[in-house]
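Order of the sequence lines sets the chain letters (A, B, ...), proteins ahead of strands, with each chain counted from 1.
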Amino acid sequence: MIPEISDLALTEPGTIGPCHVGPDALQGIKRQQTNPTRWNGQGWHPFAAALRDSGIELRENIAACGTFATDAGGTAYGLPHGVVIARSTAQVAALLKAAQQLRVPVTVRGGGLTTEGESVAFGGVLLDMTGMSRVLHVDSAALTVRTEGGIFWHSLAEELRRYGMDYLSAPLNLTSSVGGTLGVGGIDVNSPRLGCSADQALSVQVVTPRGEIVECSDTQNAELFRRVILGYGQFGVITEATLKIRRYTPLRMHYFYYDSLRTAVEDMQLLNRNDASDYAGILTIMDCAVNLLVAFDSDEREAAFKENWQVQLRGHGEAGFALCMLRRYALRPWKLPEAWYLLQRKRELFPEFRRPEYLRDGLMHDRTVVFSRAVWKFWGSKQMVIPDLATSAEKFVAAVERGNAVCRKYFPHYTLYMVGIKLRAEHKPHYEMSCIPPDAEGWAYGCEFEPMMDDRVYSRDYLQSFKNAIYDIGVDLGGSYYRFGGMMKGYIRRVFGDEVVNRHLAMKREADPAMILNRDVIF
Amino acid sequence: MLSLFQKTSAAHKSYSDCSGCGLCLLVCPVWHRKRDLQHSPQGWAKALQHGAAPGDLADAVQDCTLCRACDPVCPEQIDIGAMILKLRRQMAHPQTAALQGRMAAQARRPAPAHQEKTALLAGAALRAHPALLNRITALLGKAGAFAVAHDDGADISLALEAGVVVPPDRLAALIEPLRRADKIIVADGLLLPYLAQWLPAAKIYSLGETLSSLEAVRRNLRSTDLYMIEPRAYHADYVRLVKYYDRLRRERGCDFNLDLQRIAIPATARGLPQRLGLAMPDDDAQAHWVLHGRSITRIVVENLEDRAAFEKISGVPVVHLAELADD
């Protein structure tokens with residue numbers, strides 16, 4: 001029996017309740033509640049009782065809640081009142097029904113790889129979807145897989161590989177979850193050819209914020225499908241998904257080195273426009289060493305590239321680029337520290353991308369293992385900010401060059417990661433108010449700007465200023481962002497405009513009257 | 001002075017350095033079974049970073065199988081195995097007195113006067129199978145002077161696993177006779193990295209690596225075999241052994257229990273309660289996961305525990321590596 005909302009006050013309104021970080025801190029002290037819409041613990045106890053009555057395990061101890069205190073960004077901290085490990089669709093539905101009725105915020109978390117606090121719970125219940133991470137059915141003939149939504153792409157790959165299969169495209173990060181990725185995008189180095197991960201979903205099972213279980217696709221409950229895919233988790237929790245898969249092939253990888261961002265971007269776009277490679281992306285050490293990686297699934301595709309396109313690329317091989325660098329720094333001896341940094345970085349990084357355990361007969365056996373391990377080893381730290389810009393093909397060089405100038409201003413060392421995203425014309429409605437910029441046709445392009453922390457400690461103000469400076473470029477160019485939620489949500493109205501945001505907000509209010517699901521993330 | 005838990009390399013990092021990448025949980029057999037972040041090194045590190053006390057994690061930490069798969073994948077190079085053992089040491093265990101008594105009794109046993117140049121530390125599991133131990137002894141004996149060590153440190157291994165401090169006199173009783181050996185072969189993968197610290201000058205190999213390097217064994221591996229690498233020894237010397245087993249794969253074409261990160265997937269999931277006999281092992285789900293989707297005709301194991309797990313659930317023959325050798 002769920003009690004009335006009026007009975008639910010955890011503490012007297014305007015009084016600070018028990019603090020989950022320091023249980024004896026500040027209790028009973030009156031305060032001015034500056035944001036009257038902020039949830040202040042009302043309804044928690046009956047909600048907890050309702051869950052337990054339904055047989056749902058709710059953990060309220062510090063070991064459970066502390067585990068989820070921050071996300072991969074490490075700059076947003078918050079504690080849930082309790083944690084539920086998702087175990088079944090029915091359980092998720094029961095939880096959302098109770099939360100909707102008692103107006104308790106629900107923060108849904110997959111791999112927790114957000115950087116702006118989107119998967120951090122500031123009170124309420126945290127629903128850990130990784131408890132639902134099993135592959136349900138692999139259909140090798142139809143080339144589809146049905147999986148639970150909390151599965152990591154890498155766990156999915158482990159299972160698919162037993163059948164000689166692979167997913168199409170997924171983030172180059174082993175602990176991205178399928179459900180989380182479908183909600184925001186998912187970019188791989190084959191996205192210029194296969195699109196973003198969200199476009200690989202054929203259908204999804206969703207639990208709506210009211211607790212209804214709905215299967216949706218382009219043809220079934222299509223409106224919900226449009227809202228859930230790339231919907232930032234606002235319109236439902238993805239509990240299952242049917243995804244396209246393909247036969248597994250190892251990669252033939254090639255690297256081309258540039259000393260100009262513009263030239264490298266132009267060459268990458270040339271390859272994408274002409275379908276000249278199966279994989280293409282750019283990874284840089286500042287704007288000094290710009291690496292265009294190009295890869296192929298088959299000998300035939302590789303041979304066609306060598307015959308038709310390689311000669312048109314303006315990048316160098318490793319030896320040729322070393323000569324370029326020698327010439328460049330011989331003429332600029334005051335930049336020798338930069339040259340030294342590049343050399344050191346090369347010594348550390350290059351072997352990591354060529355580790356023999358992940359290569360067989362010169363072929364890379366799992367790109368995500370290689371890249372994700374390298375990313376965490378060389379870019380990972382307890383504090384990470386990765387502002388990004390997404391634009392149409394035409395605006396992309398300008399976005400990259402302007403973003404690069406911002407990086408130069410704020411940090412001594414940084415990396416840029418760029419990739420194209422093939423768009424599906426029939427999915428245009430999915431793309432509204434998402435990471436796909438509204439004016440992109442054919443391909444969208446994304447660039448992540450990742451500073452190297454180098455064991456320095458930066459204030460949150462400094463990091464926020466850096467992110468704002470990057471995002472201002474997006475507003476100016478009319479682009480979009482991959483990470484526009486959480487601490488960056490102030491940009492949503494600036495970049496998408498009031499009309500679009502108000503329309504989506506109205507849809508959200510209709511779907512989620514108590515505004516409980518992933519509250520405060522984008523609205 | 002021998003230090004049980006001190007690494008010889010640069011000072012290791014601790015749970016406070018965990019950045020939360022989650023690579024450890026992808027390879028964790030306990031996480032795989034429970035799908036619960038609190039049963040993973042990442043979960044413990046994050047909980048400790050944000051206010052939990054070691055006692056809050058007791059059950060989950062005791063469930064860890066110490067396969068040490070998490071160690072080689074950690075990008076921060078946190079010595080996760082040491083972190084887990086340190087947590088266990090901070091938790092009072094009801095078996096502590098019994099384990100200490102067992103070590104004290106073993107320390108009082110007289111050591112042999114002579115030790116061959118090569119010693120095999122057979123471990124409790126192998127000693128319980130004398131026919132197999134004789135076969136291994138015969139195989140290794142062909143390669144030169146060789147003896148099964150009188151003291152194989154089984155009690156120390158169990159104490160290490162339980163987080164019980166090993167008394168210096170017991171440690172000395174194990175180590176001193178082994179100082180005269182040039183080569184030590186260890187069946188117990190948990191003990192192997194510790195022996196490498198305690199005896200830095202000795203050449204120490206796992207039993208699996210030793211047997212699989214024998215031509216008499218190697219030549220009988222088939223391309224349709226699933227070869228089960230013993231995870232503890234493998235992960236303790238990952239960088240070297242990943243290359244070793246890759247050569248074996250190229251030569252013999254057999255499949256291995258390696259995942260996409262080239263980490264060995266264990267066939268069992270035994271935490272401390274199972275190791276101490278306080279709970280029954282329940283390995284079926286883990287063994288099924290190893291076999292899931294594979295087409296094989298035989299399973300070859302380095303470790304007897306794996307044989308028992310597969311014999312229970314598999315329809316194909318399961319043989320120990322030593323049994324591959326021609327009679």
### Residue, of A/Ala157, A/Gly131, A/Ser133, that accumulates the most heavy atom pairs under 4.5 Å with chain B
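Going by pairs under 4.5 Å, I would pick A/Ser133.
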### Query
How about B/Asp56 and A/Ile62: do any of their side-chain heavy atoms sit closer than 4.5 Å?
yes
### Query
Is the closest side-chain heavy-atom distance between A/Pro356 and B/Asp246 below 4.5 Å?
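No, every pair of side-chain atoms sits at 4.5 Å or beyond.
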Specify which of [options] makes the most heavy-atom pairs with chain A at under 4.5 Å.
options                     : answer
B/Leu23, B/Leu25, B/Leu258  : B/Leu23
B/Trp44, B/Tyr245, B/Tyr238 : B/Tyr238
B/Lys34, B/Lys46, B/Arg35   : B/Arg35

Residue pair [X] / [Y]: nearest heavy atoms and the distance that separates them:
X        : Y        : value
B/Trp31  : A/Thr130 : CZ2-O, 4.1 Å
A/Thr175 : B/Gly22  : CG2-O, 3.5 Å
A/Ala63  : B/Ala52  : CA-CB, 3.8 Å

Kindly compute the distance separating [atom1] ([X]) from [atom2] ([Y]), expressed to the nearest 0.5 Å.
X        : Y        : atom1 : atom2 : answer
A/Arg109 : B/Leu37  : CZ    : CG    : 7.5 Å
B/Arg294 : A/Tyr163 : CZ    : OH    : 12.0 Å
B/Gln38  : A/Ile85  : CD    : CD1   : 6.5 Å
B/Leu26  : A/Trp153 : CG    : CH2   : 14.5 Å
A/Glu158 : B/Trp289 : CD    : CH2   : 6.0 Å
B/Ser16  : A/Lys382 : OG    : NZ    : 5.5 Å

### Task
Check the pair A/Arg360 / B/Arg249 against side chain to side chain contact (heavy atoms under 4.5 Å, CB included), numbers first and verdict last.
CA-CA 11 Å; A/Arg360 282 185 197 162; B/Arg249 181 194 58 79; 3.2 Å; yes
Atom pairs and distances, donor-acceptor, side-chain atoms in residues 369-380 of chain A, under 3.5 Å, two or more places apart:
unit_1	atom_1	unit_2	atom_2	d
A/Ser372	OG	A/Asn173	OD1	3.4
A/Ser372	OG	A/Leu174	N	3.0
A/Arg373	NE	A/Tyr358	OH	3.1
A/Arg373	NH1	A/Tyr358	OH	3.1
A/Arg373	NH1	B/Gln261	OE1	3.4
A/Trp376	NE1	A/Asn173	OD1	2.9
A/Lys377	NZ	A/Glu352	OE1	3.3
A/Trp379	NE1	A/Thr415	OG1	2.6

Under a 4.5 Å heavy-atom cut-off, does chain A meet the side chain of [X], its backbone, both or neither?
X        : answer
B/Leu260 : both
B/Asp259 : both
B/Cys18  : backbone
B/Leu48  : neither
B/Val73  : both
B/Gln49  : side chain
B/Leu291 : backbone

### Message
So for atom CG, which belongs to A/Asp361, do other residues, nucleotides or ligands contribute more than 12 heavy atoms lying within a distance under 6.0 Å?
### Response
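Incorrect, the count does not exceed 12.
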### Task
Take atom CG of B/Asp59 as the centre, draw a 6.0 Å sphere, and report whether it contains more than 12 heavy atoms from other residues, nucleotides or ligands.
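No, not enclosed.
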#### Entry: Residues B/Asp36 and A/Arg59 bridged, charged N to O under 4.0 Å
yes
### B/His50-A/Phe68 aromatic ring centre distance below 6.0 Å
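B/His50 vs A/Phe68: aromatic centres not under 6.0 Å.
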